[in-house]
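Remember, it's 1-based here, ligands and their atoms both numbered in the order they're listed.
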Amino acid sequence: MQPLQFGLVGAGGNNVGDRRGLSHARHLAALDAGQIVAVCDIVAEAAESAAAQLGATPYTDFEQFLRHGLDVVILATPDNFHAQQAALALEAGVAVISEVPATTTVEDGRRLVQAFRKSGGFYMLLENYGYRDEIELIRRLVQAGKFGEVYFGEGEYLHDCRGLNRFPDGSLTWRGRQFSTYVYIWHSLRPLLYILADRPTRVSAMTTMQPGRLEAEINIPDNVVSLIQTAAGRLLKIRVDIVSPRPHLMDYYAIQGTRGAFEGMRGFGDPPRIWLEELEPADRPGKSGPSVHWRALAEFEQEYIPDRVAARADAARTGHGGSDYWTMKAFVDAFRRGAPSPVDLYRALDCSLPGPLALESARQGGAPVEIPDPRTFA
Ligand SMILES: NC(=O)c1ccc[n+]([C@@H]2O[C@H](COP(=O)([O-])OP(=O)(O)OC[C@H]3O[C@@H](n4cnc5c(N)ncnc54)[C@H](O)[C@@H]3O)[C@@H](O)[C@H]2O)c1
């Protein structure tokens, strides 16, 4: 099979950011999927240094870069550029795989949908937390009916990002400038929507933000708790905090159904667990106290995600608990087969649009804000 020719936008290298774009070279290598043959960055030295490392051609002009002869563009630029650059790439006939989020505003999302429809191209959001083993396992258990009817879900993304907000001279990075304009909700929301095959319809959010309490001059909300209603009538509760001092907990999830419950890892060394009514003894006296049988989620892996268990050594070669491997594999498998995108533009917007809209709700004291269905965008 012909190796795919990838172009990377957003090389990183400012010593403060994550250099997320370059990490995708490692994910592609783990899958033997193709090469990054062109790198574009507005900072010439960043493009040149990454291109030299990868044996690729450097660019500073995005439109020139799009004419390199690429199959796929990887977008790893600051969040607010994703929608606009995705639209330009699709219009140029190049497939897009984009870092989170798909957009930071509803308007940019609408324009991206228009460009996507006009181009008939391929788009995938590289939201990786939804590709964690634990999420795939819960999804398959839900599909098998083990939880009964699931009506509540929960997610938390607690990540002290203060070290990413400023350059050493104190000036703001793109995160320092942008994180006050939306809630970083996608890594909590997309996995829940994936597990439940649902989409969000309304958000009501409140925040404890007090400008200056934790970071001078930046109005990044500390805790934001969003309540999201879904099309199927479920309620999702999502807490995001990207400034408070504390150890990270970026991947807490929980669900509640009529016949079972799932509680993710909450602290160091605390295993995810599930409770399933069907596994309880018939004479079980109650659902609390010593008679409750929480079971380690890991007990269900061999039966429900044998494919994941068998490929753990391969997945471990990438980041984020192996989820980066499964994200890129999902893309490569679908793209090569000409199959639909595993996280298509509409699903990408389902988890991205609530970001700015949750903050809009919080600014209005928690008033519910409608989340448009991107499938209906004119
Ligand atoms: N999914 C994940 O787990 C994960 C992890 C980290 C970062 N990310 C996402 O990856 C993206 C990149 O984050 P990062 O930490 O690598 O950032 P970074 O600051 O390290 O790198 C961004 C690069 O983009 C370049 N750039 C800025 N504007 C540009 C433009 N208009 N055109 C071309 N290049 C431009 C910058 O010069 C910089 O080199 C962000 O969207 C972030 O949210 C995702």
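- The shortest contact between atom 29 (C) of ligand 1 and any protein heavy atom is with Ile42 CG1, 3.5 Å.
- A 4.5 Å side-chain heavy-atom check between Cys40 and Val73 finds every atom pair outside the cut-off.
- Those atoms of ligand 1 that come under 4.0 Å of a heavy atom in Asn14, given as number and element, are 19 (O).
- Among all non-hydrogen protein atoms, the one lying nearest atom 37 (O) of ligand 1 is Asp41 OD1, 2.6 Å.
- Across all non-hydrogen atoms, the minimal contact from Val243 to Ile220 is CG1-CG2, 3.8 Å.
- Annotation: atom 3 (O) of ligand 1 to nearest protein heavy atom, Asn128 ND2, 3.0 Å.
- When hydrogens are left out, the protein atom nearest atom 11 (C) of ligand 1 is Thr77 O, 3.5 Å; that is the closest non-hydrogen contact.
- Aromatic ring centroids of Phe179 and Tyr184 lie under 6.0 Å apart.
- Geometrically, ligand 1 and Phe81 share no nitrogen or oxygen pair separated by less than 3.5 Å.
- Applying the side-chain contact (heavy atoms from CB on, under 4.5 Å) rule to Pro58 yields the partners Ala47, Glu48, Ala51; only residues at least two apart in sequence or on another chain are considered.
- Set against the non-hydrogen atoms of Val100, the atoms of ligand 1 under 4.0 Å away are 41 (O), 43 (O).
- Numbered from 1 in the order shown, with element, the atoms of ligand 1 that lie under 4.0 Å from a heavy atom of His187 read 1 (N), 2 (C).
- The side chain of Arg175, and not its backbone, has at least one atom closer than 4.0 Å to an atom of ligand 1 (non-hydrogen atoms only; side chain from C-beta on).
- Inspection of the Gln85 and Thr77 side chains reveals an N or O donor paired with an N or O acceptor under 3.5 Å.
- Residue-ligand proximity, Tyr184 to ligand 1, at heavy-atom distances under 4.0 Å covers atoms 43 (O).
- Proximity of a side-chain donor or acceptor of Asp222 to a complementary backbone N or O of Ser244 within less than 3.5 Å is not detected.
- Each of the atoms 24 (O), 26 (N), 27 (C), 28 (N) of ligand 1 lies under 4.0 Å from some heavy atom of Pro78.
- For residues 92-143, the set of pairs meeting the ring-ring contact (aromatic ring centres under 6.0 Å, His included) definition, not counting sequence neighbours, comprises Phe122-Phe331, Phe122-Phe335, Tyr129-His187, Tyr129-His320.
- In terms of protein heavy atoms, atom 41 (O) of ligand 1 is closest to Asp79 OD1, 2.6 Å.
- Taking 4.5 Å as the limit, some side-chain heavy atom of Ile305 sits within range of a side-chain heavy atom of Arg140.
- Within ligand 1, the atoms closer than 4.0 Å to a non-hydrogen atom of His82 are 41 (O), numbered from 1 in the order shown.
- Side-chain polar atoms of Glu280 and Trp275 form a donor-acceptor pair below 3.5 angstrom.
- Neither the backbone nor the side chain of Phe62 has any atom closer than 4.0 Å to an atom of ligand 1 (non-hydrogen atoms only).
- For the residue pair Gln178 / Asp79, no side-chain donor-acceptor distance below 3.5 Å is found, with atom types taken as modelled.
- In terms of protein heavy atoms, atom 21 (O) of ligand 1 is closest to Gly12 CA, 3.4 Å.
- Residue, atom and distance of the protein heavy atom nearest to atom 5 (C) of ligand 1 are Arg20 CD, 3.5 Å.
- Closest to atom 13 (O) of ligand 1 by heavy atom, among Trp174, Phe65, Tyr59, is Trp174.
- Nearest non-hydrogen protein atom to atom 32 (N) of ligand 1 is Gln85 NE2, 3.2 Å.
- Ligand 1 has an N or O atom lying under 3.5 Å from an N or O atom of Asp18, backbone or side chain.
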Let's go through His24 and Glu99 carefully: what are the C-alpha distance in whole Å and the side-chain angles of both, what is the deciding distance for side-chain hydrogen bond (donor to acceptor under 3.5 Å, both in side chains) to 0.1 Å, and is it a yes or a no?
CA-CA 10 Å; His24 289 305; Glu99 264 309 330; 2.8 Å; yes
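- Of the possible polar contacts, one joining the Arg336 side chain to the Ala33 backbone as a donor-acceptor pair under 3.5 Å is found.
- Interface of Ala76 with ligand 1, defined as ligand atoms under 4.0 Å from a residue heavy atom, comprises 11 (C), 12 (C), 22 (C).
- At a 3.5 angstrom cut-off on N or O pairs, Cys40 does not count as close to ligand 1.
- Taking every non-hydrogen atom of Val9 and a distance limit under 4.0 Å, the qualifying atoms of ligand 1 come out as 33 (C).
- Ring geometry for Tyr157 against His159 counts as perpendicular: the plane angle is over 60°, on a 0 to 90° scale with 30° as the lower cut.
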